[in-house]
Amino acid sequence: MIVISHTLSIPDDEVTLTAIRAQGAGGQHVNKTSTAIHLRFDIAASSLPESVKARLLTASHHLITAEGSVVIKAQEYRSQEMNREAALSRFIALIRELTAVQKHRKATRPTRASKERRLTSKAQKSTTKALRAKIRRSPD
């Protein structure tokens, strides 16, 4: 059972973890062992609540494909177990990030004192800049 939050969890059988060969440098070790982990999770076929599914499917994220499945490849570490943990932690972080409810912002108005401070600073800047200007002589 993968626990996302105290109200949200995913059964282990809904997440597919496959060991594959890692890319890049690493010498002989990379060529003969499958240490990278490929995590796949089908959002539509999962047991998540419908509201969470809808939020995940409508999200525009590079880890979610157009077909509605999450694909994560973890190959940072040399051991398969550490890559498995890294993939699962990235998966949990993704679900938490996309299902977090944003706090509604209350519109506020500036106070009278803040308006007055703004206007006095504008007037002060205006006079400072006016004093920087060249002095023009009137034609006599």
Side-chain angles (χ1 to χ4, degrees):
M1 189 67 85
I2 300 169
V3 178
I4 307 295
S5 66
H6 64 281
T7 58
L8 192 63
S9 60
I10 299 170
D12 290 331
D13 60 336
E14 291 184 5
V15 177
T16 308
L17 294 168
T18 312
I20 57 173
R21 289 199 177 150
Q23 295 174 312
Q28 203 172 20
H29 182 72
V30 165
N31 298 333
K32 62 183 183 176
T33 57
S34 298
T35 56
I37 295 293
H38 211 239
L39 182 143
R40 286 192 161 275
F41 176 70
D42 188 12
I43 297 169
S46 68
S47 62
L48 291 171
E50 290 300 321
S51 60
V52 175
K53 280 186 194 179
R55 184 173 284 178
L56 290 173
L57 289 171
T58 57
S60 174
H61 200 277
H62 70 280
L63 294 175
I64 300 175
T65 63
E67 294 81 37
S69 62
V70 177
V71 178
I72 296 175
K73 183 178 181 185
Q75 60 180 7
E76 300 93 50
Y77 303 103
R78 287 176 59 102
S79 75
Q80 192 181 91
E81 189 54 42
M82 288 181 74
N83 282 330
R84 180 176 284 116
E85 289 174 18
L88 286 172
S89 66
R90 282 171 48 197
F91 175 65
I92 291 168
L94 172 75
I95 302 288
R96 283 183 183 161
E97 174 190 334
L98 295 179
T99 57
V101 178
Q102 294 292 322
K103 188 177 177 182
H104 183 69
R105 182 192 175 275
K106 281 190 203 172
T108 58
R109 298 177 67 187
T111 61
R112 181 190 286 171
S114 68
K115 286 180 186 175
E116 288 174 5
R117 281 193 303 268
R118 182 179 65 85
L119 292 174
T120 55
S121 72
K122 279 182 75 167
Q124 189 175 5
K125 281 188 171 85
S126 172
T127 54
T128 304
K129 290 187 176 190
L131 290 172
R132 287 185 198 149
K134 289 185 179 179
I135 300 172
R136 300 201 187 269
R137 291 191 177 175
S138 61
D140 294 331

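Between the side chain of Thr128 and the backbone N or O of Gln124, at least one donor-acceptor pair lies under 3.5 Å. Side-chain atoms of Glu14 come within 3.5 Å of backbone atoms of Ser47 as a donor-acceptor pair (strictly under, hydrogens ignored). The main-chain N or O of Thr99 is found under 3.5 Å from a side-chain atom of Arg55 such that the two form a donor-acceptor pair.
Of all the heavy atoms in Lys53 and Ala44, the pair that sits closest is NZ-O, 3.2 Å. Across all their heavy atoms, Glu76 and Asn83 have their closest contact at N-OD1, 3.2 Å. Nearest heavy atom pair, residue Ala19 against residue Gln80, reads CB-NE2, 3.2 Å. Counting all heavy atoms, side chain and backbone alike, Lys73 lies closest to Ile20 at CE-CD1, 3.7 Å. Between Ala22 and Thr35, the shortest heavy-atom contact is CB-OG1, 4.0 Å. Closest of all the heavy-atom pairs between Arg118 and Ser121 is O-OG, 2.9 Å.
To the nearest 0.5 Å, atoms CD (Glu97) and CD1 (Ile92) are separated by 14.0 Å. The CG atom of Leu131 sits 9.5 Å away from atom CD1 of Ile135, with the distance rounded to the nearest 0.5 Å. Considering CD1 of Ile64 and NE2 of His62, their distance stands at 10.0 Å, rounded to 0.5 Å. Atom CZ of Arg112 sits about 11.5 Å away from atom CZ of Arg109, to the nearest 0.5 Å. Of the inter-residue distances, the one linking Met1 atom CE with Ser9 atom OG reads 4.5 Å to the nearest 0.5 angstrom. Rounding to the nearest 0.5 Å gives a distance of 11.0 Å between OG of Ser69 and CG of Leu63.
When side chains are defined from C-beta on, His38 counts as touching Val71, because their heavy atoms get closer than 4.5 Å. Side-chain atoms of Leu17 and Phe91, non-hydrogen and from C-beta on, never get closer than 4.5 Å to each other. At a threshold of 4.5 Å between non-hydrogen side-chain atoms, the residues Val70 and Leu56 do not count as touching. Side-chain contact between Ile95 and Leu8 is present, with heavy atoms from C-beta onward closer than 4.5 Å.
None of Glu85, Arg84, Gln75 except one satisfies the side-chain contact (heavy atoms from CB on, under 4.5 Å) rule with Ile37; the exception is Arg84. The side-chain contact (heavy atoms from CB on, under 4.5 Å) test with Val15 is passed by exactly one of Asp42, Ile72, Leu39: Leu39.
Hydrophobic clustering keeps Ile2 apart from Met82 (ILVMFWY residues linked when any side-chain heavy atoms are closer than 4.5 Å, directly or through intermediates).
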